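This is a predicted model, so every value here is computed, not measured. Protein chains get the first letters and strands the later ones, always in sequence-line order, with residue 1 at the start of each.
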Amino acid sequence: MSKLKIQNTLENTKEEFIPVDPSNVRIYACGPTVYDYAHIGNARMAVVNDLLVRLLRTLFPKVTYVSNITDIDDKIIEAAQTADIPFQELTLKFEAIYNEDMAALGVHRPDVQPRATDHIAEMIALTKTLVKLGHAYEIKGHVLFHVPSFEKYGCLSGRNRDEQIVGSRVEVAPFKKDPADFILWKPSPDPLPGWDSPWGFGRPGWHLECSAMSEKTLGLPFDIHSGGMDLTFPHHENEIAQTCSAHKKINNPKYFAKYWFHNGFVNVEGEKMSKSIGNIRLVHEMIKEYKGEVLRMTLLSAHYRQPLNWTKGIIKQNSTMLDRLYRTLKDLEHIDAYTNNHALPQNILEGFYDDLNTPKVIAELNILTNKVSKADEEEKSLIKYCLLETGKILGILQQAPREWLGYGQSKNLDEVTIENLIKERNEARRKKNFEMADSIRKKLKESGIEIEDTSNGTTWRSN
RNA sequence: GGCUCGGUGGCAGAGUGGUUAUGUAGGGGCCUGCAAAGCCUUGCACAGCGGUUCGAUUCCGCUCCGAGCCUCCA
């Protein structure tokens with residue numbers, strides 16, 4: 001009997017997943033900062049966590065999935081100032097767009113999607129606790145977490161503080177007691193958004209919100225805390241420091257979350273995706289060109305921890321693969337999916353359970369489709385069942401195969417015209433006027449219609 | 001400098017101490033008036049150098065190359 005194993009960044013090893021409370025598995029994913037459209041890297045995090053949650057739901061009776069919306073942050077303030085609108089107007093707009101774009105990729109909404117600005121009180125309370133316990137200090141209207149007060153600092157990212165080059169990329173603020181100290185609360189001078197606090201009018205530092213909201217929505221400790229690989233340090237490291245210090249668990253980082261789950265990055269045409277290079281791929285734009293399911297399949301085509309090189313070529317490849325799987329489902333449309341057996345084949349389960357090895361699972365789906373031509377009715381029924389059930393976990397293959405493949409759909413010509421042209425062509429074929437027949441087919445093809453002559457007559461689909 | 005992860009066939013991408021990954025692209029064939037789809041078949045691989053072993057792409061060491069992180073970037 002296979003058991004789910006996931007790579008735990010905290011232990012830097014693949015571990016069997018044993019929930020804190022099997023009757024309610026709890027997972028928190030660091031969500032987007034909503035100041036702009038989501039890019040394909042944001043989408044990878046959303047899709048991978050969506051997959052993890054779907055898989056967990058097949059194993060446990062209840063899963064609570066929380067993913068936050070960061071709606072107060074310096075980048076947000078900057079973008080709102082540029083657009084000359086209140087920051088809430090900006091964040092509400094991009095929060096809605098984010099959810100729409102992720103839905104297009106088949107991502108289910110998290111059970112809870114807390115906003116940072118709805119948890120200011122919790123963040124202030126947490127900061128007060130940290131100050132009271134001597135883990136944080138106030139200076140010049142700032143409240144800073146004092147990193148040397150948390151001995152386990154570095155346990156997640158495997159870093160030894162003495163060996164890091166402090167401030168290697170960012171200038172160290174002069175008022176810090178220790179260069180590694182990070183902001184819990186900072187002042188907001190007049191025009192900037194903020195809230196009243198014991199330290200004056202100000203706003204929270206970034207790391208604070210996730211500590212406050214994960215505890216509020218899930219309770220401590222919870223099972224899985226996830227996010228993009230870059231969040232390992234410092235964001236998640238700081239969250240651990242905050243939460244564990246506030247609860248006097250300075251020697252037990254697992255008091256916060258038991259498993260830390262991080263997905264790899266998306267590169268674009270071999271380069272790091274960045275604004276300066278100008279190669280950001282926005283989901284909002286790409287779903288105009290590709291089906292959301294194709295993009296999802298492409299995101300799942302590599303293992304979630306591997307870097308994924310986003311190119312036109314791999315999108316095409318995955319589109320072709322999905323077409324092939326849907327064609328198999330179409331070929332099986334008159335077969336009822338097997339219903340007596342609820343367990344998926346061992347190979348597929350092993351793929352899922354081995355740290356979400358989606359390429360392996362997808363390969364198994366291909367192997368299944370290769371068996372169709374030699375399968376009897378019962379085997380076909382089982383194959384159909386496996387494709388659909390596996391597809392449910394992956395978040396693919398749930399659409400009507402005929403529609404997916406474009407049968408009976410046309411963008412440029414109306415159906416009557418198409419049917420008449422096909423009749424005309426078949427008439428020409430009957431008269432062995434193949435030149436005429438081929439010219440009609442060519443004409444249709446130029447309008448995006450592909451003809452297929454089958455034993456049951458001619459069918460057509462948009463291409 | 002420190003930490004982490006990689007280098008697999010034209011491309012994408014798993015995996016394994018000895019046996020076909022898988023897809024795509026390419027070759028050959030079947031089917032078809034021709035197409036499309038499908039089916040059959042076939043090349044092409046494990047960065048380099050040592051070590052362990054009966055045997056290593058897989059384990060160990062070294063070298064080379066690449067990527068990410070090292071204070072607010074998913």
Determine the interatomic distance between [atom1] on [N] and the same-named atom on [M]; round to the nearest Å.
{"N": "rA47(B)", "M": "rU24(B)", "atom1": "P", "result": "25 Å"}
{"N": "rG51(B)", "M": "rC39(B)", "atom1": "P", "result": "48 Å"}
{"N": "rG2(B)", "M": "rC73(B)", "atom1": "P", "result": "27 Å"}
{"N": "rG43(B)", "M": "rG50(B)", "atom1": "C1'", "result": "32 Å"}

Nucleotide of [options] approaching [X] most closely (side-chain heavy atoms):
{"X": "A437(A)", "options": "rU22(B), rU71(B), rG33(B)", "value": "rG33(B)"}
{"X": "T320(A)", "options": "rU4(B), rU24(B), rG38(B)", "value": "rU24(B)"}
{"X": "E450(A)", "options": "rA36(B), rC34(B), rA12(B)", "value": "rA36(B)"}
{"X": "S373(A)", "options": "rG38(B), rC39(B), rG33(B)", "value": "rC39(B)"}
{"X": "N42(A)", "options": "rA74(B), rU71(B), rA14(B)", "value": "rA74(B)"}
{"X": "A180(A)", "options": "rU24(B), rU71(B), rG15(B)", "value": "rU71(B)"}
{"X": "F265(A)", "options": "rG23(B), rA74(B), rC72(B)", "value": "rA74(B)"}
{"X": "A302(A)", "options": "rG13(B), rA21(B), rC70(B)", "value": "rG13(B)"}
{"X": "K374(A)", "options": "rA14(B), rA74(B), rC40(B)", "value": "rC40(B)"}
{"X": "V266(A)", "options": "rC11(B), rC73(B), rA74(B)", "value": "rA74(B)"}

Item to check | N42(A) vs Y98(A), side-chain hydrogen bond (donor to acceptor under 3.5 Å, both in side chains): CA-CA, chis, key distance, verdict | outcome: CA-CA 9 Å; N42(A) 301 117; Y98(A) 175 81; over 6 Å; no
Between [Y] and [X], is there a cation-pi geometry (under 6.0 Å to ring centre, at most 45° from the normal)?
{"X": "R44(A)", "Y": "Y304(A)", "answer": "no"}
{"X": "K291(A)", "Y": "W404(A)", "answer": "yes"}
{"X": "K330(A)", "Y": "Y407(A)", "answer": "yes"}

Checklist entry - Base of rG28(B) relative to its sugar, syn (within 90° of 0) or anti? => result anti
Checklist entry - Any donor-acceptor pair under 3.5 Å joining the side chain of R441(A) to the base of rC34(B)? => result yes
Next on the checklist: Determine whether a donor-acceptor pair (one donor, one acceptor, N or O, separation below 3.5 Å) exists between the side chain of D73(A) and the base of rC72(B).
Outcome noted: no
Given atom [atom1] of [X] and atom [atom2] of [N], what is their separation to the nearest angstrom?
{"X": "D438(A)", "N": "rA35(B)", "atom1": "CG", "atom2": "P", "result": "9 Å"}
{"X": "F182(A)", "N": "rC72(B)", "atom1": "CZ", "atom2": "C1'", "result": "11 Å"}
{"X": "F233(A)", "N": "rC73(B)", "atom1": "CZ", "atom2": "P", "result": "14 Å"}
{"X": "R425(A)", "N": "rG33(B)", "atom1": "CZ", "atom2": "P", "result": "11 Å"}
{"X": "D230(A)", "N": "rC73(B)", "atom1": "CG", "atom2": "C1'", "result": "5 Å"}
{"X": "M273(A)", "N": "rC73(B)", "atom1": "CE", "atom2": "C1'", "result": "10 Å"}
{"X": "N267(A)", "N": "rC5(B)", "atom1": "CG", "atom2": "C1'", "result": "13 Å"}
{"X": "N309(A)", "N": "rA67(B)", "atom1": "CG", "atom2": "P", "result": "12 Å"}

Describe the nucleic acid contact of [X] in one word from base, sugar-phosphate, nothing, applying a heavy-atom distance below 4.0 Å.
{"X": "Q306(A)", "result": "sugar-phosphate"}
{"X": "K442(A)", "result": "nothing"}
{"X": "M321(A)", "result": "sugar-phosphate"}
{"X": "R327(A)", "result": "sugar-phosphate"}
{"X": "H303(A)", "result": "sugar-phosphate"}
{"X": "L231(A)", "result": "sugar-phosphate"}
{"X": "I362(A)", "result": "nothing"}
{"X": "G41(A)", "result": "base"}

Under 4.0 Å: is that the gap between some side-chain N or O of [X] and OP1 or OP2 of [N]?
{"X": "R324(A)", "N": "rU24(B)", "answer": "yes"}
{"X": "N12(A)", "N": "rC5(B)", "answer": "yes"}
{"X": "K75(A)", "N": "rC73(B)", "answer": "yes"}
{"X": "K272(A)", "N": "rC69(B)", "answer": "yes"}

Nucleotide paired to [N] in any strand shown, Watson-Crick or G-U, under 3.5 Å:
{"N": "rC49(B)", "answer": "rG61(B)"}
{"N": "rG38(B)", "answer": "rC30(B)"}
{"N": "rC44(B)", "answer": "none"}
{"N": "rC69(B)", "answer": "rG2(B)"}
{"N": "rG18(B)", "answer": "rC54(B)"}

Checklist outcome for this item: On a heavy-atom basis, the closest approach of A116(A) and E209(A) is CB-OE1, 3.5 Å
Next on the checklist: Tell me if the aromatic rings of H135(A) and F150(A) count as close, with their centers under 6.0 Å from one another.
Outcome noted: no
Checklist entry - Looking at H235(A), H146(A), H207(A), which hits ring-ring contact (aromatic ring centres under 6.0 Å, His included) with F182(A)? => result H207(A)
Next on the checklist: Taking the nucleotide of RNA chain B with the nearest heavy atom to each, does N357(A) or T454(A) sit closer to the 5' end?
Outcome noted: N357(A)
Next on the checklist: On RNA chain B, does the nearest nucleotide to P307(A) precede the nearest nucleotide to N370(A) from the 5' side, or the other way round? Give the residue.
Outcome noted: P307(A)
Next on the checklist: Below 30° counts as parallel, above 60° as perpendicular, anything between as tilted: where do the rings of F222(A) and F256(A) land?
Outcome noted: perpendicular
Next on the checklist: Can you tell me which residue among T328(A), I348(A), L325(A) is in a side-chain contact (heavy atoms from CB on, under 4.5 Å) with L368(A)?
Outcome noted: I348(A)
